[in-house]
Amino acid sequence: MAMYMMSAVNIKNNQVPNMGTKTRGSKYAGQSIKPLPIHILTVGKTRSPGVQLIVKDYIDKLKPYCPVHDLRIKSNPKNSTEPRVQIENEETGFMNFIKSDDWVVMLDENGKDLRSEEMADMIGDAGNKASGSRLVFCIGGAYGHGLKLRERANVKVKLSSLVLNHEIALVVLVEQLYRAWTILKGQKYHH
């Protein structure tokens with residue numbers, strides 16, 4: 001009977017998980033943060049109604065903290081069958097939108113892996129930079145981002161070690177943005 005019991009010990013490295021550890025929070029928690037307008041640029045066409053409902057819900061939740069704009073870049077605007085051409089054409093849409101003083105976050109499967117508290121710190125860092133006018137998040141298409149955007153991005157972030165469909169990445173991003181702002185404001189959403 002004992003062999004069927006669940007154990008709190010991690011069998012692989014024989015360690016007990018520390019369930020009582022409190023997260024460190026953000027270095028900006030409780031401080032005044034300049035609420036930069038957030039622009040989320042996503043490659044894609046028509047969204048599924050369920051995804052759009054979730055995105056709208058989180059954007060509505062974010063409105064008390066900062067202005068949020070959800071914009072779509074046309075996916076494969078020239079209907080090319082070549083991935084390189086698709087990336088270049090989609091990149092043109094991103095680059096045409098981005099201003100010289102924007103703080104640009106490129107979402108990429110090879111980007112930096114952030115905890116939620118680090119996402120909050122990143123928003124605080126961007127808000128405290130005097131030159132930044134907007135915080136722009138870029139979610140690429142099926143083949144990722146082009147070289148110009150990679151060079152322009154202030155930071156490259158991954159939302160998961162898994163490769164995510166652009167709609168799923170968008171849902172994860174808007175939830176994490178809301179979570180980050182509640183961390184910055186010391187509210188109880190994140191625990």
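Fair warning: this is a prediction, and the values are worked out from it, not measured in the lab. The figures that follow rest on heavy atoms only: side chains count, while hydrogens, waters and symmetry mates do not.
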Trainee: Taking the six-membered ring of Phe94 (Phe, Tyr or Trp), confirm whether the NZ or CZ of Arg152 is under 6.0 Å from its centre and within 45° of its axis.
Mentor: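 No - Arg152 does not lie over the ring of Phe94 by the 6.0 Å and 45° rule.
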Trainee: Hydrophobic cluster membership, with links at side-chain heavy-atom distances under 4.5 Å among I/L/V/M/F/W/Y: are Ile40 and Val43 in one?
Mentor: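 No, it is not one cluster - the side chains of Ile40 and Val43 are not joined through contacts under 4.5 Å.
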Trainee: Would you compute the distance between atom CH2 of Trp181 and atom CD1 of Ile123 and round it to the nearest 0.5 angstrom?
Mentor: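 One finds 7.0 Å between CH2 of Trp181 and CD1 of Ile123.
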Trainee: Considering non-hydrogen atoms only, spot the tightest contact between Ser160 and Leu164 and give its length.
Mentor: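 Residues Ser160 and Leu164, closest heavy atoms: CB-CD1, 4.0 Å.
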Trainee: Which atom names give the shortest non-hydrogen contact between Ser26 and Ile183, and what distance separates them?
Mentor: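 Taking every non-hydrogen atom into account, CB-CG2, 3.7 Å.
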Trainee: What's the spacing between Met95 CE and Ile73 CD1 if we round to 0.5 Å?
Mentor: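 The distance works out to 11.0 Å.
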Trainee: Under a 4.5 Å side-chain heavy-atom rule over Ile, Leu, Val, Met, Phe, Trp and Tyr, are Leu41 and Leu107 clustered together?
Mentor: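 Leu41 does not cluster with Leu107.
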Trainee: Once rounded to the nearest 0.5 Å, what's the spacing between atom CG of Asn110 and atom CZ of Arg150?
Mentor: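 Those atoms lie 7.0 Å apart.
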Trainee: Has Glu167 got a side-chain atom pairing as donor or acceptor with Ser48's backbone, closer than 3.5 angstrom?
Mentor: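 It does hold such a pair.
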Trainee: Between Ile33, Leu184, Thr182, which is the residue that forms a side chain to side chain contact (heavy atoms under 4.5 Å, CB included) with Tyr65?
Mentor: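 Of all the options given, the one that passes is Thr182.
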Trainee: Going through the distances and angles, do Asp125 and Lys27 end up as a salt bridge (charged side-chain N to carboxylate O under 4.0 Å, His left out)?
Mentor: CA-CA 10 Å; Asp125 289 345; Lys27 64 185 177 185; 3.2 Å; yes
Trainee: So which atom in Leu36 and which in Ser133 form the shortest heavy-atom distance, rounded to 0.1 Å?
Mentor: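 Answer, listing the atom of Leu36 first, then Ser133: CD2-O, 3.9 Å.
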Trainee: Determine whether a donor-acceptor pair (N or O, by modelled atom type, separation under 3.5 Å) exists between the side chain of Glu90 and the backbone of Asn76.
Mentor: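 Checking the backbone N and O of Asn76 against the side chain of Glu90, a donor-acceptor pair under 3.5 Å is found.
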Trainee: Indicate the atoms forming the closest heavy-atom contact of Asn154 with Asp102, along with that distance.
Mentor: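 Smallest interatomic distance, heavy atoms only, reads OD1-O, 3.6 Å.
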Trainee: Does the side chain of Val174 come within less than 4.5 Å of Val68's, by heavy atoms?
Mentor: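 Sidechains of Val174 and Val68: no contact.
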Trainee: What closest approach, in Å, do Ile38 and Cys66 show between heavy atoms, and which atom pair accounts for it?
Mentor: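 Heavy-atom minimum between the residues: CD1-SG, 3.6 Å.
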Trainee: So among Asp57, Ile59, Leu53, which one has a side chain to side chain contact (heavy atoms under 4.5 Å, CB included) with Val55?
Mentor: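 It is Ile59; the other options fail the test.
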Trainee: Between Leu71 and Val105, is there shared hydrophobic-cluster membership here, with clusters defined by ILVMFWY side-chain heavy atoms closer than 4.5 Å?
Mentor: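 Different clusters.
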Trainee: Is the ring pair Phe97/His39 parallel, tilted or perpendicular, if the boundaries are 30 and 60 degrees?
Mentor: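 Aromatic pair Phe97/His39 classed tilted.
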Trainee: Under a 4.5 Å side-chain heavy-atom rule over Ile, Leu, Val, Met, Phe, Trp and Tyr, are Val172 and Ile139 clustered together?
Mentor: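 Yes, same cluster.
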Trainee: So Val136 and His69, side chain to side chain contact (heavy atoms under 4.5 Å, CB included) or not? Walk me through it.
Mentor: CA-CA 9 Å; Val136 179; His69 306 278; over 6 Å; no
Trainee: Over all heavy atoms of both residues, which pair between Arg47 and Gln52 is shortest? Give the atoms and the distance, please.
Mentor: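 Residues Arg47 and Gln52, closest heavy atoms: NH1-OE1, 2.8 Å.
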Trainee: Could you state the interatomic distance from NE2 (His166) to OG1 (Thr42), rounded to the nearest 0.5 Å?
Mentor: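 Rounded to the nearest 0.5 Å, the NE2-OG1 separation comes out at 7.5 Å.
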Trainee: Shared ILVMFWY cluster between Val155 and Leu159, side chains joined below 4.5 angstrom?
Mentor: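 Both belong to a single hydrophobic cluster.
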Trainee: Rounded to the nearest 0.5 Å, how far does CD of Glu109 lie from NE2 of His145?
Mentor: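 That separation rounds to 10.0 Å.
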Trainee: Without swapping roles, check the side chain of Gln86 against the backbone of Tyr143 for a donor-acceptor pair under 3.5 Å.
Mentor: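 No, because the side chain of Gln86 does not come within donor-acceptor range (under 3.5 Å) of the backbone of Tyr143.
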Trainee: Measure the spacing between CG of Leu114 and CG of Asp121 and express it to the nearest 0.5 Å.
Mentor: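 Answer for the CG-CG pair, Leu114 versus Asp121, is 9.5 Å.
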Trainee: Where the side chain of Glu175 meets the backbone of Tyr58, is there a donor-acceptor pair that is under 3.5 Å apart?
Mentor: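 No.
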